[in-house]
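Input: a single structure, listed below in structure tokens.
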Amino acid sequence: MFEFFYKRGYLLTAIILGMFVFGVIGLIKMPKNLFPDANRPEVVIFTQVPGATASVVATTVSKPIEEEMATLSNVYQIKSTNVANFSIVHVVFDYTKTLQQASVDVSNALNRIKDKLPKNSIPAIYLVGDFTAPVDVFALSPKNNSITLPEIKKIATHFIKPKLLSNPNIGNVEVFGGYDSAVMVKIDPLKLKKYGISFDDLIKIIQTTDLNMPIGFVKTKNSFITLSFYGEKDDVKKLKNLLIKPNVRLKDIADISWSYQTNNTLYIGNNAPSIAISVQRAPSGSVLATSDAAREEMKKIEKLYPNIKVTISDTQRNLIETSNINMLEALRDAIIFTLIVLLIFLANFRALVAAALSIPMVFFGTIAYLYLTGQGLNIVIYTAIILALGMLTDDAVVVLENIERHLENKEDLQKAIYEGTKEVLKPIFAGSVSTIAIIFPLMFVGGYPEKIFKPLIETLIVALLISWFLSVTFIPKLSTLLYKKGFKKTKVEIFFEKLYQNTIARLIKPYVGILHFSNGKFYVLRRMLLMMGAMIVLMLSVKNIMPIIGRDVMPPMDTGIMKAHIEFSSNLNAEESEKRLKPFLTWLNKQPWLEKSSIAIGTQKDVLSITGGGGGNSINMTIIATDRFHRKKTIWQLEDEVRNELAKIPGIKKIGVYDFGATALSTINAPLDVRVLSDTYKQLPKEAQKIEKLLYNVKGLTTIMKTWDKDFNEVVIKIDTNKALSYGITPAGIAYQIALKDMPVAMLTNLSSMNVQFVRVRFNKQFENIEALKLLPIDTKKGPIPLGEIAQIKNDFTYSKIDRYNLRYAIDVEGYRKTRPVSLITDDADKLLKEHGIKNYKQAGDISEMNDSFGRLIKAIAVGVVILILTLMVVYQSLRLALIMIVVLPLSMIGASWALLIANKPSCMPSMVGLLLLFGIIIKNAVLLIDFYKEFEHSGKSPFEAAIESVKVRFRPVMMTAFGTIAGMIPIALEWAVGLERLSPIADVAIGGLLVGTFLTLVYVPMLAYATDPRNKKDS
């Protein structure tokens, strides 16, 4: 390759220019997100079951759906949440199945069991992934009294949503906040009895009447203008005058109004009751592109509706923009630090120019590759490029050094460039290949580690290959310019050279001294002492430090976003929940750190991105603070303040406050999740209550709560079947006549711009208490009778929510933490539960994903080491030398473990990736040492002399590579970007490992090389 491109300068120039052009285009146009999409494919089946309690929903809807879903292939997990009126079944698939394949499988499975489900339940399928989270949430509220929230809901649903969806950059739009419009028919059953009209006959008349009730907007030729209820009065009037029987109209037996169905969902955006419009990106889409498109469209809509106030109450944009800017600044700083290290070690402006030109070429070349292969930019990609900086410069410097060595021998410039480059082709190639060999197995490890770290490894490999390519093509061409006027050093270079010789270079003598010590009298014992000393330090470090620092999937991060989940008494409605929140919201909006707040109350059908997580008593909050660089308190300190203030709300039953990204995946409920499973659900709340009390003694937990309880007040109507049958009516016929659930009986609309408007029927409020229900007239073949005649009616408690996991009933006791590692928290919880005789549970929090991920990563490291040994054996035609270069790798873990302890970071997935990266850098330096060892040996020196000379010659580049890499990693280790808390252990491990590993490499690799050399004879 060197000779090919050395003779074809224009082709090389064209390739480099192409990298720059596509790199710049990619940097501008590539999708930008915080992290790679890593959640497993998930399909949610949402089924509305009006009037059903959680237990009825679980047994009649969720259970048959779950059992059918379990027959599908590649199912990872099936879970369902059952609350009054709703069944939500989550079918999570392995990464091996695509989202599209999963949706087809689920759809086909539902078709097979549709006859097994209740007649009034219609399942709807929704695809879920990282793209489900709202990119932007727009809160729409009235500016004045000229418009109401129900009217805004109609505008949002029937005009704004379609308008946004017409933009190709927007994946999906959801509207949340209750006030679903409907024509409400509230029947007076006593009047039904008076006129001799059966409930069944009334429903049939309404259903078969062809009503034409336009609902919508006045539309001009070019645009929509303000909302006009031009059909409301006349058409509701027509409905009121509908003949039920001769001389009896609907208005005689019912109150008819154009309103909204019974409301149990509300939304508060930035402290204002609002209608929320949640904008989502498409799968693999760009957050920033989606946000740009949505905000541009909303500006146009604001002009159309000046009486609607539009604010942004939740967004990913700020976080991603801040993180991307921070990462580019970190990259800039890393380049500067690396170049400073090069200047100190090399005292050579030519090498500095070569490195300064190579780094942006590698950066833009890597970005060009990612752009052309359809990938996106995120914090992981930037981290990979920063991590590669030290290794990138090494290749270029090795070539320049060797060219200078030939020039010092008075060779012609072109000959020195040609011969100098050819001599180091093998070690540069071997070093790059060795690094790639040990890290590339991580790309195929499977599971969560592959999804999150494959982009990092792929980017790192591409950067290394481009660096290698430039070092053997561009650097030789550049050398013709750099050395055109000779290679004499300037005064500044001489200054830095003296600085190096008087400081760092003095360390060569101790290294050589250690090698002489290893070859002195009783050399076998001396070598054993050196080896055993390192092994003992390694074992003591790993044994004592690892239990202290603990383990985690990913370290916690301070993004400035916190989540809160609270619950009141299960029978509290949304309006009452909103009232109780007002004092807290008043306090929240006075906080100087607050930027935005998004509060969802209750659950709304067909909306997944915004939810309260239950009924009207259940509330989810997203609170966005200023980023951590512009506030004094950490997100965990702010969480304490919010938690304490929420605790002051009267009647609050459950409080959970935790940071955004508290778990590795969205399918994991909480960092600590103690799950109790059973074939029946009745005893689960009591078992969970025992566990909940014990977990308050676990250090590091800030929030503990169980997922459901038996605390929902319901009216139980127990029908006497024999009595009912004696009147010629079945229990089902009786239930059909109890219209308390907003039953839709007709659909009204004639505008293409509008969704269907339901006519909903229910009894008026006078029959919504027990005593009134007893008097409710029930039509039978023997005439009307009061409900109390054939049924017992009483108050009772049932389950507010029932969860199921993998076909069994389940209750979870969830625990959230600040920063204490999940392994330590889980171990403490296990110990405590076992001490109290609780064994019937499983740990379903982060620990389950952690154990799987760690197992995969350990296999990846083992496979990488084996491939590395085989690669080195082929390159150097020696198994002995391959094993020698490997020996020092585990010893570098001494520095890695101490670095994690000092940085207060747990052993985690990023730290294990950092370990692989560390091995790659160490092995690259070992390769250069061995290559020069062999070169000196071939020149006629003894193995011991060759070892000494290899250390003397390679000391500077080895130290320069190590400290250049360390310098480049400083911005990552110091977390100079939002979100880098997740990835900083990579740098911590690499920095600590390099500080110790470089020392060990310069000692143990040459020592073992000469000591095991068959030609070695004792040298004094």
Side-chain angles (χ1 to χ4, degrees), residues 333-334 337-338 340-342 344-345 383 386-391 393-394 431 435 438 500 503-511 513-514 530-531 533-542 544-546 548-549 885-905 907 910-929 951 954-975 983-1007:
D333 295 340
F337 294 158
T338 303
I340 291 172
V341 169
L342 292 184
I344 292 171
F345 272 91
T383 300
I386 294 173
L387 291 173
L389 282 180
M391 292 182 281
T393 55
D394 187 51
T435 303
I438 199 166
Y500 168 78
T503 53
I504 300 169
R506 293 179 180 273
L507 295 173
I508 296 176
K509 190 173 181 180
Y511 280 108
I514 293 172
L530 287 171
M531 290 300 300
M535 293 301 296
I536 290 170
V537 173
L538 173 63
M539 288 187 291
L540 289 174
S541 297
V542 173
N544 292 294
I545 292 175
M546 291 304 169
I548 295 173
I549 62 175
M885 286 184 270
I886 294 296
V887 167
V888 77
L889 297 185
L891 297 179
S892 62
M893 290 173 62
I894 297 170
S897 58
W898 280 97
L900 288 174
L901 180 66
I902 294 168
N904 195 28
K905 293 289 183 180
S907 174
S911 71
M912 296 189 78
V913 173
L915 196 63
L916 274 173
L917 180 65
L918 170 64
F919 287 175
I921 302 168
I922 294 290
I923 206 68
K924 193 170 187 179
N925 284 334
V927 163
L928 290 173
L929 277 170
V951 171
R954 292 306 302 163
F955 174 83
R956 181 182 284 197
V958 165
M959 294 293 280
M960 182 209 68
T961 300
F963 282 92
T965 304
I966 289 170
M969 290 182 182
I970 287 174
I972 299 175
L974 297 181
E975 300 168 358
L983 299 174
S984 60
I986 297 177
D988 296 332
V989 166
I991 290 172
L994 280 172
L995 288 172
V996 175
T998 302
F999 164 76
L1000 298 176
T1001 300
L1002 287 165
V1003 171
Y1004 289 95
V1005 170
M1007 183 186 80

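- When all heavy atoms of L1000 and S892 are compared, the closest pair comes out as CD1-N, 4.4 Å.
- Annotation: the span from L540 atom CG to M535 atom CE amounts to 11.0 Å, rounded to 0.5 Å.
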For residues 920-927, tabulate all N or O donor-acceptor pairs below 3.5 Å that involve a side-chain atom, not counting sequence neighbours.
{"residue": "K924", "atom": "NZ", "partner": "M391", "partner atom": "O", "Å": "3.4"}
{"residue": "K924", "atom": "NZ", "partner": "D395", "partner atom": "OD1", "Å": "3.1"}

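- Atoms OG and CG, on S897 and N544 in that order, are 9.5 Å from each other to the nearest 0.5 Å.
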- prompt: Run the side chain to side chain contact (heavy atoms under 4.5 Å, CB included) check on I986 and I972 step by step: do they pass?
  reply: CA-CA 8 Å; I986 297 177; I972 299 175; 5.6 Å; no
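- Pairs of residues two or more places apart, or lying in two chains, that qualify as salt bridge (Lys or Arg N to Asp or Glu O under 4.0 Å) and include a residue from residues 887-905 are K905-E975.
- In this structure, CD1 in I386 is found 13.0 Å from OG1 in T965, a value given to the nearest 0.5 Å.
- Among residues two or more places apart in sequence or in another chain, the side chain to side chain contact (heavy atoms under 4.5 Å, CB included) test is passed with F955 by Y500, I504, L507, I508, Y511, M959, L1002.
- Listed by first and then second residue, the salt bridge (Lys or Arg N to Asp or Glu O under 4.0 Å) pairs involving residues 954-973 are E401-R954, E497-R956 (not counting sequence neighbours).
- In this structure, OG1 on T1001 lies 9.0 Å from CG on L891, to the nearest 0.5 angstrom.
- Residues passing the side chain to side chain contact (heavy atoms under 4.5 Å, CB included) test with I514 are L530, F999, V1003, sequence neighbours excluded.
- Shown here are the side chain to side chain contact (heavy atoms under 4.5 Å, CB included) partners of I902, two or more places apart in sequence or in another chain: there are none.
- The side chain to side chain contact (heavy atoms under 4.5 Å, CB included) search around I548 returns L901, not counting sequence neighbours.
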